[in-house]
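Structure first, commentary second.
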Amino acid sequence: MADQTAADIFGATTIRPPLDPELAPVEEARGAVFPALSDAILAEIRRQIAAGSPGLDSEALTAGGRVRVEERQVPGPDGAPDITVLILSPVEDRGPKGGILSLHGGGMIMGGRRDHVSHLLPHVIEGSAVVVSVEYRLAPDHPDPAPVEDCYAGLVWMAKNTDELGIDPERLLIAGVSGGGGLAAGTALLARDRAFPELSHQILICPMLDDRFETHSSRMVDREGVWDRYSNLYAWTSVLGERRGGPEVSQYASPGTSAGCRARTSTPARRRGSATRPWSTPAACPRRA
């Protein structure tokens, strides 16, 4: 919120586990390459990430010819530009497969469609999945609701083209890392509330879920690590502007604020990861840290 200082937002620094001494040289090197996030250096950090991401070129993604790599322009949200999607599908067709919508990390302010797809490649190689990775618009250039609406548009396109993609419409999954994890949860909520499409699974990896800094984990890392509380504050403010931390923030932008999630934060998700509908009612209610 506009009239708050960082001290007001974070409160007292909470206790955290110590950093392993063996990681100290890595942390020092990281700090030299990636200084604290700000408007002044965001463009350069984006450039460094785009130039230095290993194993993300088309040849590497083909996994020795076992994976088909394709990029398409597909319809974006109403009144917005088309979006680019990366499609990874098995060369050897073994019948209908699960469809995984992949949303890359980067705090909703950096990264691209080829990031964070390598961990999904084994499922494509074995013929059990098709991956569709969305190039969603990034904040602060395109603040909320642009990122989550782009992700939902990508999900709708995948769901409407399951026959062409070789996807089983009963097995539509959504997966996201970090900022992409928050977008995956928000997109799942949109799919629930707009009644299309129905998701079978949701996979959130260290998701960015809540803009309010109410949990210990959101406040305890101070000027250390890859993503500390100041980076988190910068990213959330880039996405939400002066609304950050206030009552006007949509649950689709900050899924941890949704009423269903608040009611279930102390209840483990049932049959997680193995059943047909592990987070089905509502679809996007992971536990908060």
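This is a predicted model, so every value here is computed, not measured.
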Taking the six-membered ring where the residue is Trp, are the ring centres of F10 and Y230 under 6.0 Å apart?
yes

Taking every non-hydrogen atom, the tightest pair across D210 and W236
O-NE1, 3.3 Å

Does the salt bridge (Lys or Arg N to Asp or Glu O under 4.0 Å) test come out yes or no for D228 and R219, once each step is laid out?
CA-CA 8 Å; D228 73 349; R219 301 194 303 268; over 6 Å; no

Just verifying a value: how many Å separate L61 CG and L86 CG, rounded to the nearest 0.5 Å?
6.5 Å

Is the closest side-chain heavy-atom distance between V117 and S133 below 4.5 Å?
yes

If you define the side chain from C-beta out and look only at heavy atoms, does anything of L233 sit under 4.5 Å from R244?
yes

Any idea which heavy atoms bring R137 and P77 closest together, and the distance?
NH2-CG, 4.0 Å

Separation between OG (S178) and CG (D115), nearest 0.5 Å, reads 11.5 Å

Side-chain heavy-atom pair L189, P255 within 4.5 angstrom cut-off
yes

Could you go through the side-chain hydrogen bond (donor to acceptor under 3.5 Å, both in side chains) check for S217 and R16 one step at a time?
CA-CA 8 Å; S217 62; R16 63 154 183 81; over 6 Å; no

Short question: side chain of S89, backbone of V130 - any donor-acceptor pair under 3.5 Å?
no

Would you call I49 and I45 a side-chain contact if the rule is heavy atoms closer than 4.5 Å?
yes

Heavy-atom closest contact (P75 atom, I83 atom, distance):
O-CG1, 4.1 Å

Hydrophobic cluster membership, with links at side-chain heavy-atom distances under 4.5 Å among I/L/V/M/F/W/Y: are I205 and L88 in one?
yes

Sub-3.5 Å donor-acceptor pair from the side chain of S128 to the main-chain atoms of H123, do we have one?
yes

Are side-chain heavy atoms of R66 and E92 found at a separation under 4.5 Å?
no

Which residue, E71, Q73, E135, forms the side-chain hydrogen bond (donor to acceptor under 3.5 Å, both in side chains) with T84?
Q73

So, K97 and E170, do they make that salt bridge, N to O below 4.0 Å?
no

Charged tip of R229 within 45° of F213 ring normal and under 6.0 Å
no

Should V67 and P90 count as side-chain neighbours, where that means a heavy-atom distance under 4.5 Å?
no

So, taking the atom named OH in Y152 and the one named CG in L190, what distance separates them when rounded to the nearest 0.5 Å?
7.0 Å

Atom CG of residue position D20 - does it have more than 12 heavy atoms of other residues, nucleotides or ligands inside 6.0 Å?
yes

Do L155 and L199 touch side chain to side chain, with heavy atoms closer than 4.5 Å?
yes

Do E70 and R72 come close enough that some side-chain heavy atom pair is under 4.5 Å?
yes

Can you tell me how the ring of H104 sits relative to the ring of Y136, calling it parallel under 30°, perpendicular over 60° and tilted otherwise?
parallel

Less than 4.0 Å between a side-chain N and a carboxylate O, is that true for R243 and D144?
yes

